[in-house]
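Below you'll find the structure, written out as structure tokens, and then a few comments.
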Amino acid sequence: MAPPKYELYYNPFSICSLMVLYTLRLKGEPKSPDDAVEPEERFINIYTGEQMTERYLEKHPKGTVPAMLAPEAGIQLTDSTDITSFLMDRYPSLRPNAHRQTIDSLLAELHEISYVTLSFKPEERRVEGVMDSVRGIMDRPDTSDKYRKMLQGKFDNHAASLKKFADNKQSVESVEADSVGFLDKISEHLAKQGGGQASWIFGDDVGPTALDAHTVTFIARLLDAKREHLIPADVLAYGRPKLQGKEWLGITKGNPTLHSLYVKGEKGGSGR
Ligand SMILES: N[C@@H](CCC(=O)N[C@@H](CS)C(=O)NCC(=O)O)C(=O)O
């Protein structure tokens, strides 16, 4: 049986989309030909509201990116961590057995960090702006009841994720501290690999894992968000060259990871 046809919905200025795209670029060989995941990549413009159109919400009720679907096989993965787990199960080099626990626990720790707090200033109202737009479409007289119900679902999902971070009282300082805590652990792993000489977190023999893909993307975003000071020197020395690599440039086309920098024509701080 041939592998399913996958579709990956993404935006190149979404950190979680970039984490998945970069994981795909580093994925290596599948366990078997039937396990191959070669998605058709479909751009969603989350800066013009494409993620809240009826068409997109029909595919993916949360109306976010990334999402990986294979409708014929009943596969609907709507979170970067679920997509990454799916890939790690099929591509052994993304999560070698010897490092399985470390990779799982560090990926979980990384995804507890509020990227929104690191990436957007409160006055940009990125999260509130999305909710306002959803409400605006709901209030339009020409919006059907079916579509309105879908929008309510997206609104509720958004409100729930906001509440999660609010309940955790996530100030900029605490999110920065979480980032440093995570990066210090990466630094400890790098130190075990010949004092930071290796290209990858678990060494050159192991090669790139999903943890590398997500960590390098996080470093790129911290640089673009003018938070280089949070990154230990060895972690920066590990991450920066990857941002000049063909895999990364193939995804970003040399653009920054932040839409605001792209709009301003700024080349960002990701080592470019
Ligand atoms: N926890 C989700 C986060 C998904 C998410 O919030 N994506 C953002 C972009 S980074 C998005 O789609 N924003 C547009 C919106 O919510 O309408 C994941 O890891 O995939």
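Only this structure's heavy atoms are used, side chains among them; waters, hydrogens and symmetry mates stay out. Bear in mind that the values here come from a model prediction, so they are computed numbers and not experimental data. Read the numbers this way: they start at 1 and go in the same order the structure lists the ligands and their atoms.
Considering backbone and side-chain N/O atoms, Lys154 comes within less than 3.5 Å of an N/O atom of ligand 1.
What sits closest to atom 13 (N) of ligand 1 on the protein, heavy atoms only, is Ile46 CD1, 4.2 Å. Looking only at protein heavy atoms, the nearest one to atom 5 (C) of ligand 1 is Val65 O, 3.6 Å. Closest protein heavy atom to atom 16 (O) of ligand 1: His158 CE1, 3.0 Å. Closest protein heavy atom to atom 3 (C) of ligand 1: Cys16 SG, 4.2 Å. In terms of protein heavy-atom proximity, atom 6 (O) of ligand 1 is closest to Thr64 CG2, 4.1 Å. Regarding atom 14 (C) of ligand 1, its nearest protein heavy-atom neighbour is Gln51 NE2, 3.5 Å.
When the heavy-atom distances from atom 18 (C) of ligand 1 to Ser80, Ser17, Ser133 are ranked, the shortest goes to Ser80.
Counting only distance, with no hydrogens or angles, the side chain of Thr143 and the backbone of Ile137 share a donor-acceptor pair below 3.5 Å. Listed for the Arg221 side chain is no donor-acceptor partner under 3.5 Å among the backbone atoms of Ser119.
Atoms of ligand 1 found under 4.0 Å from any heavy atom of Ser14 (numbered from 1 in listed order, with element): 9 (C), 10 (S).
Note: Tyr47 and Tyr262 fail the aromatic proximity criterion, with ring centroids not under 6.0 Å apart.
At a heavy-atom distance under 4.0 Å, atoms from both the backbone and the side chain of Asp79 approach ligand 1.
No side-chain donor-acceptor contact under 3.5 Å links Asp34 and Ser32. Side-chain contact, Thr209 with His99: no donor N or O sits under 3.5 Å from an acceptor N or O.
The nearest pair of heavy atoms linking Gly63 to Leu57 is CA-CD2, 3.6 Å.
Test Thr217, Asp212, Ile219 against Thr215 for side chain to side chain contact (heavy atoms under 4.5 Å, CB included) and you get one pass: Ile219.
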